[in-house]
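Model, not experiment: these values are computed from the prediction. All residue numbers refer to positions in the sequence shown, counting from 1.
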Amino acid sequence: MAGVAGAACSSNVLFRSREVGNHGASMAPYNGLRPVENMQMAPTGSNPSGSVSTSASKLRTARAMVSQTVSAPKREKDPKKRVVITGMGLVSVFGSDIDTFYNKLLEGESGISLIDRFDASSFSVRFAGQIRDFSSKGYIDGKNDRRLDDCWRYCLVAGKRALVDANLGSEVLENMDRTRIGVLVGTGMGGLTAFSSGVESLVQKGYKKISPFFIPYSITNMGSALLAIDTGLMGPNYSISTACATANYCLYAAANHIRRGEADIMVAGGTEAAVMPTGVGGFIACRALSQRNEDPKKASRPWDKDRDGFVMGEGSGVLIMESLEHAMKRGANIIAEYLGGAATCDAHHMTNPRSDGLGVSTCIAKSLEDAGVSPEEVNYVNAHATSTLAGDLAEVNAIKKVFKDTSEIKMNGTKSMIGHGLGAAGGLEAIATIKAINTGWLHPTINQDNIELDVTIDTVPNVKKQHEVNVAISNSFGFGGHNSVVVFAPFTP
């Protein structure tokens, strides 16, 4: 049970006090995230108009001058240690094509709808970012496809699509040293359907009726394992499970394997499939979810005063991370550069964020230090922004603490359209961040009707904006106080 509870969602989750739990256990002592009040933060600039920067080249020159005056850290120059992105793959509520996914985000389209995968008519929350019409054809053979938990199906399709995107299909991999290619795809919840089905069989029919796949398809490492088995990748292989911070933890750890010379390529990201009775029911019991059943598409509304909880999502997001030296040797198409990352812990509470935001602000600062980036260089934040009362404001306050002048920074919330993918969220949002870098367009944060007064940073409300990204950070936070931040930038040789 502890594993399931800890795997849930970010420290941004809103609990409402009430008695729940087995055998009359009370959740009252864990009365959840309360809005952070009277937080003393450094004054910050604002950009209420949300207008597009007039001269990106002048802005970069100015930032460079500022960086020199504050002795900005130096970026990595060794091509063996520089980490670049050479492929991306996903499974999402908008399908499995990267361009379609991002175009839907740019259009401000909501992927949230009423659940029809199971009968949710008796549930107090009846909507989610449910994936429909998913196809694994060409990626998973029919026999295995019927047995696998969706968590692993999403992982295999996203992972293999990422490899193909990086020109690392099966024929190419056969001629490579696959002991130098690793897999690190994590999940917060694991094979939740397989687990639930196994327990149901035990209770109703006895242990002899438990499927032999119950354990293998439930445990959290199986996504990385199955992907490696199918592709023959023999490098570092494991999973990380840090709730909704999972995918960013995986990206950070994967990059460090490359930096240490332990791998040339890492397949890294997150996967999740918790839109099923146990998953939805569990979060309802926590009182973590929005209950806007009458208008699901407006339920996920980060930073809006009328937000009332997060919306469940699912899917998988995977990056191909590669040393610059290796990528150049094989003539790979370099999409972006991973500059650095960090992971910290609030060490404070199971679900509540620290009132001073220290864990999150420290994580952001450490990620910039690892990346060799000064705060003045960052002009885009893909925020965790789950649409919870206290969590959204706590993240904004932490951002203000690190970036003293936010007038040129834009931040958006991908979850406003696809819901909260839990362990997959960071992977999907890394892809959205990289697409912003590549296209020069930021997707909107939708449902921004009545923004909190304390949110003085441009949230790209409701309509996309053109914006040349200099350096971007992507935030993910999880139950247990797990914080993770990764840093991306356009690739320059």
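Annotation: ring-ring contact (aromatic ring centres under 6.0 Å, His included) contacts of F134 (sequence neighbours excluded): Y154. Annotation: salt bridge (charged side-chain N to carboxylate O under 4.0 Å, His left out) contacts of D165 (sequence neighbours excluded): none. R161 is linked by a salt bridge (charged side-chain N to carboxylate O under 4.0 Å, His left out) to nothing, counting only residues two or more places apart in sequence or in another chain. Listed by chain and number, the residues in a side-chain contact (heavy atoms from CB on, under 4.5 Å) with E369 amount to none (sequence neighbours excluded). A search for salt bridge (charged side-chain N to carboxylate O under 4.0 Å, His left out) contacts involving D149 returns nothing, not counting sequence neighbours. Remark: S484 pairs with A245, N248, Y249, S476 by the side-chain contact (heavy atoms from CB on, under 4.5 Å) rule, at least two apart or across chains. V381 pairs by the side-chain contact (heavy atoms from CB on, under 4.5 Å) definition with A383, I399, I409, M411, I473, N475, not counting sequence neighbours. Judged as a side-chain contact (heavy atoms from CB on, under 4.5 Å), and not counting sequence neighbours, A365 has no contacts. Applying the salt bridge (charged side-chain N to carboxylate O under 4.0 Å, His left out) test to E107 and every residue at least two apart in sequence or in another chain returns nothing.
Legend: salt bridge (charged side-chain N to carboxylate O under 4.0 Å, His left out) pairs involving residues 432-442, not counting sequence neighbours, sorted by first then second residue: D99-K435. Within the structure, every pair that satisfies the side-chain hydrogen bond (donor to acceptor under 3.5 Å, both in side chains) test and touches residues 424-433, not counting sequence neighbours, is listed here: K415-E429. Residues in residues 110-132 take part in these ring pair (Phe, Tyr, Trp, His ring centres under 6.0 Å) pairs, two or more places apart or across chains: F118-F123.
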